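A short worksheet on the structure shown next.
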Amino acid sequence: MPSVQVDEIAPDLFRLSVYVPEFDMQFNHFLVRDDEPLLFHTGLKGMFTLLREAVGKIIDPTTLRHIAWSHFESDECGALNDWLQLAPSAQPVCTWVGKLVNVDDFSVRPALGLTPDDVLVTGRHRYRFHPSPHIPHGWDAGVLFEETGRTLFCSDLFHHFGNGEALTTTDLLGPTRKAMRQLQQGPLAGYMPYTRQTEGVLHSLAGLKPDTLAVMHGSSYRGPCDRLLRDLAGVIKEEFDPA
Ligand SMILES: [Fe+2]
Ligand SMILES: [Fe+2]
């Protein structure tokens, strides 16, 4: 039975990490303790009981108010309805596209569909929404930037394998490039498209100048995130659009 590793990677920002050895991959979920608690990534349905117990050590999980994610996939929002049934005031939060094309049919309660520069306030924390279609993947993808603590909830960006530390200051580009090559050689090839918009989306996220990247698969990062995001655009081009 896997366990949940919990780390407070910034004040009131908890990383709940489940390592799955079969994939050599972490699945990370981020809980923000605030007046209106927010969970970013619901986790897989199969991880719900495990995560509910872990969340319960930090807050009363029935008080969750916002359940957000990037794009419609099982690890992002598979357990959404389990959380909504547990927390009566919780509202799904996703992109407007996600709400329209998937979520309001899937979810037991309608979602808040975010459009560019919408801001969600949870108390001390403010989250600004940035659409990022197809980055990392999915028409409906978007990210949240927490403006007070300057944390970018960047979903699958900087995905890398292994069971690394919760928060690192070591450059993530090497492990990210390695993961891309590994995935491109197997049945999951093509998981990230390269389009004319890719560089622009990543550069606009770099322009936010985050201090922390909350990474879904692998270690979170603290350091010069703007440089990392700009360099990621180059790495994606090299790996997915070789000359
Ligand atoms: Fe994904
Ligand atoms: Fe993911």
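Remember, predicted model here, so these are calculated numbers, not experimental data. As the structure lists them, so they are numbered: ligands from 1, and atoms in each ligand from 1.
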(request) Among the N/O/S atoms of Glu73, select the one at the shortest distance from the Fe ion (ligand 1) and name it. (result) OE1
(request) With the Fe ion (ligand 1) as the reference point, give the N/O/S atom of His137 that is nearest. (result) NE2
(message) Among the N, O or S atoms of Asp75, which one sits nearest to the Fe ion (ligand 2)?
(response) OD2
(message) Can you tell me if, anywhere in Glu76, an N/O/S atom lies at a distance from the Fe ion (ligand 1) that is smaller than 2.8 Å?
(response) no
(request) Specify whether an N/O/S atom of Asp156 falls short of 2.8 Å from the Fe ion (ligand 1). (result) yes
(message) Within 2.8 Å of the Fe ion (ligand 2), is there any N, O or S atom belonging to Met216?
(response) yes
(message) Strictly under 2.8 Å, is the Fe ion (ligand 2) approached by any N, O or S atom of His217?
(response) yes
(request) Assess whether atom CD of Glu199 is packed by more than 12 heavy atoms of other residues, nucleotides or ligands within 6.0 Å. (result) no
(request) Over 60° means perpendicular and under 30° means parallel, so classify the ring planes of Phe153 and Phe30, tilted if in between. (result) perpendicular
(message) Could you report the tightest heavy-atom contact between Pro2 and Val18, atom names first, then the distance?
(response) CB-CG1, 3.9 Å
(request) Go through the side-chain N and O atoms of Arg222 and Thr212 and say whether any donor and acceptor fall under 3.5 Å apart. (result) yes
(message) Can you tell me which residue among His159, His217, His41 is in a ring-ring contact (aromatic ring centres under 6.0 Å, His included) with Phe27?
(response) His217
(request) Decide, yes or no, whether a salt bridge links Arg52 with Asp82 under the criterion of side-chain N to carboxylate O below 4.0 Å. (result) no
